[in-house]
Amino acid sequence: MTTVSFVASIFMLHALDNHHAASSLRQHRLASQQRIHSSNTTTRRTDSNMTSEWPLPFIHIINTRFMQHQADLPNLARARLVLFETFCLHSILHQSIRQKSRHYAPFLWIIKTDPNLHADLRKEFVSLIEPYPFIYLVASNVNYGIGIHHGGWRGGEAGKDVLQSEIWSGNVTLLQQAHEARKTRAVLETRLDADDGLHVHYIEMIQAQAFQQLRYSARVSPKNRASWMYWCCANHLDWTPTNVTDYGTFVPYKSHNTCITAGITLGVSVHQDESSIPRFMHHELYQQLTLSKEHATCGSDTCLHMVENPVLGALRSRTATSAGMRNVKMNIVDEEELSKHTVPIDNKHLIRALQQGFHVGINKMKQVNGYMQSHVVEIAADNLLGQCTHGHSCKNSTREALKELVRTAKNDTTKGIR
């Protein structure tokens with residue numbers, strides 16, 4: 001695909017594949033709506049009025065990490081909360097599957113953070129998510145789910161950790177139901193970093209395909225059903241704060257031969273032992289499951305689906321808060337090079353795509369772009385201190401990139417660029 005045709009395809013963000021799977025899934029949703037009452041009131045830890053059994057044929061958990069093992073870095077935490085509200089939160093709140101599932105939670109979103117997170121930041125975070133009972137802020141530095149290590153929702157490790165931890169927001173009854181039903185339902189786990197967003201149709205597409213390809217009940221024949229399956233974005237959009245425009249810089253990327261972390265999903269059929277599923281780093285999945293086939297033991301011709309519809313499945317922020325610092329450049333001034341990869345931000349189609357596809361407001365983008373640039377020195381300095389803490393990057397290249405970012409920002413300030 002040429003750059004021109006790829007960029008043009010960005011504007012096809014709302015088409016959905018697989019109408020048959022989506023139709024079948026809707027039938028299960030309608031049946032579920034007859035069994036469970038709406039819970040749209042303020043978040044509460046338990047709900048005695050809810051049904052005692054998980055009402056859906058699958059359990060879908062979105063896993064997000066926020067400032068784990070980094071509670072003493074206030075500038076980094078503040079910047080990451082700004083990015084969370086801008087990119088991450090609203091993209092999940094506006095998922096199309098939620099609009100079609102008003103009487104039950106089509107997924108649970110578990111956000112884990114350091115138990116020692118500053119009280120003011122914790123209070124502000126809770127205020128953002130408290131109206132939504134399916135979103136949890138959990139005081140835990142322990143992680144399971146997608147990655148190189150076994151352990152997740154199916155095996156019970158993830159659920160036990162959450163239920164045994166202090167839960168600062170979210171409906172515990174839903175969590176208990178999902179934990180108890182984990183062996184009799186298909187399980188989906190999606191990874192999403194706190195500074196990234198997903199296209200509003202992404203979760204619906206994953207669930208529709210999983211419903212068709214996984215065994216979600218013991219009554220469903222295993223014939224022509226995969227025992228497990230991975231999904232990840234084929235294409236994504238990167239945002240970097242710059243002084244090139246008021247909004248920052250947007251770069252579309254084709255990721256056909258690798259998986260980014262944003263949106264990567266593992267689905268497990270009912271009764272499938274989670275410990276037997278092959279685990280790899282996100283950038284190794286395509287090589288191991290598509291090219292070599294050595295570990296493609298899911299029972300299907302395809303064990304890894306590269307999601308191409310929505311065309312851009314994820315929106316990633318690449319800033320001084322980033323753990324790896326790859327593709328992070330706070331001052332891109334080479335306009336000729338820029339034109340090879342980006343769509344001009346004043347293009348009305350891109351603006352519409354951002355607003356409708358990811359629920360990112362343009363005025364908000366201006367504010368965040370200004371904030372990230374004006375605080376880049378403090379943010380990068382905190383990020384540098386946070387390097388090599390437990391569970392975080394410890395690369396010399398990352399540390400050097402952060403040091404260079406601080407030097408560049410200080411020079412720009414001296415020259416009056418910022």
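By convention here, the first residue in the shown sequence is residue 1. We use all heavy atoms of the structure for the numbers below, so side chains are in, but hydrogens, waters and symmetry mates are not. Quick caveat, the model's predicted, so the values are computed rather than measured.
Residue Arg318 comes nearest to Pro241 through the heavy atom pair O-CD, 3.5 Å, listed as atom of the first residue, atom of the second, then distance. Across every non-hydrogen atom of Lys112 and Val162, the tightest pair is CE-CG2, 3.9 Å. Residues Met365 and Tyr247 approach most closely at CE-O, 3.8 Å, considering heavy atoms. The two residues Tyr144 and Asp161 come nearest to each other via the heavy atoms CE1-CB, 4.0 Å. Smallest separation of non-hydrogen atoms from Asn63 and Glu189: ND2-OE1, 3.1 Å. The minimum heavy-atom distance between Leu108 and Leu174, with the atom names listed, is CD1-O, 4.0 Å.
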Would Leu354 and Phe250 count as a side chain to side chain contact (heavy atoms under 4.5 Å, CB included) here? Give the steps. CA-CA 10 Å; Leu354 290 169; Phe250 291 86; 3.6 Å; yes
Going through the checks in order, is the side chain to side chain contact (heavy atoms under 4.5 Å, CB included) test met by Ile277 and Tyr230? CA-CA 10 Å; Ile277 299 172; Tyr230 280 97; 4.1 Å; yes
Carefully, step by step, assess Trp168 and Thr113 under the rule side chain to side chain contact (heavy atoms under 4.5 Å, CB included). CA-CA 10 Å; Trp168 292 336; Thr113 189; 3.6 Å; yes
Side chain to side chain contact (heavy atoms under 4.5 Å, CB included) between Val307 and Thr265, intermediate numbers included: CA-CA 11 Å; Val307 179; Thr265 300; over 6 Å; no
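Under the 3.5 Å distance criterion, the side-chain polar atoms of Arg65 are left unmatched by any main-chain donor or acceptor of Ala194. Distance alone, capped at 3.5 Å, is enough to place a donor-acceptor pair between the Ser91 side chain and the Cys88 backbone. Not one N or O on the side chain of Asp246 forms a donor-acceptor pair closer than 3.5 Å with the backbone of Lys366. In this structure a side-chain-to-backbone donor-acceptor pair under 3.5 Å is present from Ser269 to Ala226. A side-chain donor-acceptor contact under 3.5 Å links Gln68 to the backbone of Ser140. A donor-acceptor pair is defined here as one N or O able to donate and one able to accept, closer than 3.5 Å; such a pair exists between the side chain of Gln207 and the backbone of Pro106. Judged purely by atom type and a 3.5 angstrom limit, Asp382 uses its side chain to pair as donor or acceptor with the backbone of Asn75.
With ring centers used as reference points, Tyr132 lies 6.0 Å or more from Trp109. Separation of the His199 and Phe358 ring centroids falls under the 6.0 Å cut-off.
Between Asn141 and Pro115 there is a side-chain heavy-atom pair separated by less than 4.5 Å. Taking the side chain as every heavy atom from C-beta outward, Ile264 and Leu285 approach each other to under 4.5 Å. Looking at heavy atoms from C-beta onward, Leu81 lies in side-chain contact with Leu128 at the 4.5 angstrom threshold. Considering only heavy atoms from C-beta on, Thr86 stays 4.5 Å or farther from Ser317 through its side chain. Within the 4.5 Å cutoff, the side chain of Ile203 has heavy atoms near those of the Ile62 side chain. Taking the side chain as every heavy atom from C-beta outward, Trp153 and Ile110 approach each other to under 4.5 Å. Residues Asn235 and Pro252 fail the side-chain proximity criterion, which asks for heavy atoms closer than 4.5 Å. In this structure the side chain of Ile135 reaches within 4.5 angstrom of the side chain of Leu89, judged on heavy atoms.
The salt bridge (Lys or Arg N to Asp or Glu O under 4.0 Å) test with Arg316 singles out one residue from Asp238, Asp195, Asp196, Asp193, and that residue is Asp238. Between Arg78 and the options Glu378, Glu85, Glu124, a salt bridge (Lys or Arg N to Asp or Glu O under 4.0 Å) holds for only Glu124. When each of Glu180, His179, Gln176, Arg185 is checked for a side-chain contact (heavy atoms from CB on, under 4.5 Å) with Trp54, only Arg185 meets the rule.
Between Phe107 and His60, the angle of the ring planes goes over 60°, which puts this pair in the perpendicular group of the 30/60° scheme. The aromatic rings of His359 and His94 sit parallel to each other, their planes meeting at less than 30°, with 60° as the upper class boundary. Relative orientation of the Phe125 and Phe84 rings is tilted, given thresholds of 30° and 60° on the angle between their planes.
Atom CD1 of residue Ile362 and atom CG of residue Asn369 lie 11.0 Å apart, to the nearest 0.5 angstrom. Between the CD atom in Gln95 and the NE2 atom in His201 there is a gap of 9.0 Å [rounded to 0.5 Å]. The CZ atom of Arg80 sits 7.5 Å away from the CZ atom of Phe66 when rounded to the nearest 0.5 Å. Atom CG of Leu198 is separated from atom CE of Met205 by 13.5 Å, given to the nearest 0.5 angstrom. The CG atom of Leu188 sits 9.5 Å away from atom CD1 of Ile61, with the distance rounded to the nearest 0.5 Å. Interatomic distance, SG of Cys232 versus CE of Met306, reported as 4.0 Å (0.5 Å rounding).
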Got a list of side-chain donor-acceptor pairs under 3.5 Å for residues 295-302, not counting sequence neighbours?
residue : atom : partner : partner atom : Å
Ser300  : OG   : Thr302  : N            : 3.4
Ser300  : OG   : Thr302  : O            : 3.4

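Of the charged side-chain nitrogens involved, at least one lies within less than 4.0 Å of a carboxylate oxygen, so that Lys100 and Glu204 count as a salt-bridged pair.
Residues Thr240 and Thr242 bring no donor and acceptor atom of their side chains to less than 3.5 Å of each other.
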